[in-house]
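Chain naming here is simple, since letters A, B, ... match the order of the sequence lines and numbering starts at 1 in each.
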2 protein chains.
Amino acid sequence: MVTKQFTGSPDEADLRRADSLAREIFSDVANKWALLIIEALGDRTLRFGEVRSEIEGISHKMLTQNLRMLERYGLVERMVHPVVPPRVEYTLTEPGQALRVTIDGLCDWTHRYLGHIEASRHRFDA
Amino acid sequence: MVTKQFTGSPDEADLRRADSLAREIFSDVANKWALLIIEALGDRTLRFGEVRSEIEGISHKMLTQNLRMLERYGLVERMVHPVVPPRVEYTLTEPGQALRVTIDGLCDWTHRYLGHIEASRHRFDA
DNA sequence: CCGTATCCAATTCGATACTG
DNA sequence: CAGTATCGAATTGGATACGG
């Protein structure tokens with residue numbers, strides 16, 4: 001009871017926790033490499049090197065880092081085949097697929113407004 | 001004809017240009033501050049300071065920088081009222097609104113899978 | 001082939017100060 | 001109030017090397 005007057009009701013505290021968590025997740029996921037990886041995977045199962053060659057310009061380090069993050073978040077599943085040379089495959093999980101749908105929307109948007117944006121940038125720079 | 005064997009057909013060249021442009025736009029837009037600003041604006045018209053207080057943790061510099069970029073891309077409109085003290089208002093344009101719809105999807109996704117993700121992270125860290 | 005670690009250059013970002 | 005510029009601190013990210 002004493003603490004309530006300082007921390008607010010439990011409900012409010014829960015909401016604040018959920019909000020800051022949502023914000024944290026949003027911030028991690030809303031970065032170009034993570035989104036491009038999700039998009040590259042699509043509904044396929046790809047090896048590390050295959051993902052890499054699907055995404056122009058991504059470095060080994062960025063790919064590992066983001067794949068690890070996505071695995072940690074449960075958005076991609078990592079399967080290690082105990083062979084030599086190593087074969088490691090990545091697939092989207094169900095949450096990952098759900099995210100992919102929204103990224104598809106973002107990609108569609110990009111292509112749809114390509115012209116608008118290019119023109120606007122040109123105007124702005126004048 | 002001579003150049004074709006080095007550059008490919010004009011159609012292919014156009015596609016490559018469009019692709020790299022799409023990628024450039026995607027990379028600029030897919031950053032947390034830009035997306036949070038779009039989301040904060042929604043269908044409202046907000047002053048600089050209002051946007052700032054809607055987005056916890058954004059610095060003056062980041063806000064200006066991203067607002068400028070979004071204006072350049074034609075996603076937000078900037079209205080300057082010639083009064084003192086200055087009053088500058090920002091609104092989403094039609095392309096900005098279209099983008100907002102897809103970001104709404106991303107936000108919904110975040111809240112929907114909050115629990116999954118939190119659990120998965122906890123498991124992973126063990 | 002895949003993953004981790006290290007080093008270091010480049011960029012990012014916040015804080016601050018100053019202008020209209 | 002809104003915007004720009006500047007300056008370090010901190011983070012990022014690429015290159016490289018080595019290990020399983």
Side-chain N,O (A:Y90) to OP1/OP2 (C:dG3) below 4.0 Å:
yes
Quick check on D:dA2: is either OP1 or OP2 less than 4.0 Å from any side-chain nitrogen or oxygen of B:R78?
no
Stretch residues 34-52 of chain A: residues that reach within less than 4.0 Å of DNA chain D through a heavy atom
none
Which of residues 54-61 of chain A have a heavy atom under 4.0 Å from DNA chain D?
A:S59, A:K61
Considering only nitrogen or oxygen atoms on both sides, find all protein atoms under 3.5 Å from nucleotides 10-12 of chain C and state each distance.
none

hydrophobic_cluster_shared for [Y] and [X], side chain cutoff 4.5 Å:
{"X": "A:V101", "Y": "A:L35", "value": "no"}
{"X": "B:L70", "Y": "B:V80", "value": "yes"}
{"X": "B:V84", "Y": "B:V88", "value": "no"}

Does a side-chain heavy-atom distance below 4.5 Å link [X] with [Y]?
{"X": "A:T110", "Y": "B:R23", "value": "no"}
{"X": "B:L106", "Y": "A:L106", "value": "no"}
{"X": "B:W109", "Y": "A:I103", "value": "no"}
{"X": "B:D43", "Y": "B:L92", "value": "no"}
{"X": "B:R78", "Y": "B:L67", "value": "no"}
{"X": "A:V76", "Y": "A:L41", "value": "yes"}

Which of parallel (below 30°), tilted (30 to 60°) and perpendicular (above 60°) describes A:Y113 and A:H116?
perpendicular
Grab the [atom1]-[atom2] distance between [X] and [N] for me, whole Å please.
{"X": "A:N31", "N": "D:dG13", "atom1": "CG", "atom2": "C1'", "value": "12 Å"}
{"X": "B:R87", "N": "C:dG20", "atom1": "CZ", "atom2": "C1'", "value": "18 Å"}
{"X": "A:L63", "N": "D:dA15", "atom1": "CG", "atom2": "C1'", "value": "16 Å"}
{"X": "B:L67", "N": "D:dC1", "atom1": "CG", "atom2": "P", "value": "16 Å"}
{"X": "A:H81", "N": "C:dG3", "atom1": "NE2", "atom2": "C1'", "value": "16 Å"}

Could you list the donor-acceptor pairs under 3.5 angstrom formed between side-chain atoms of residues 48-55 of chain A and any protein atom two or more places apart in sequence or on another chain?
| residue | atom | partner | partner atom | Å |
| --- | --- | --- | --- | --- |
| A:E50 | OE1 | A:R47 | N | 2.7 |
| A:R52 | NH1 | A:I58 | O | 2.5 |
| A:S53 | OG | A:G49 | O | 3.2 |
| A:S53 | OG | A:E50 | O | 3.1 |
| A:E54 | OE1 | A:R44 | NH2 | 3.4 |

Between B:E71 and B:R68, does any side-chain N to carboxylate O distance fall below 4.0 Å?
yes
Report for the helix from C:dC1-D:dG20 to C:dG20-D:dC1: angle between first-end and last-end helix axes, five pairs each, rounded to 10 degrees.
40°
Please list, chain by chain and in numerical order, all residues satisfying side-chain contact (heavy atoms from CB on, under 4.5 Å) with A:A119, sequence neighbours excluded.
A:R123
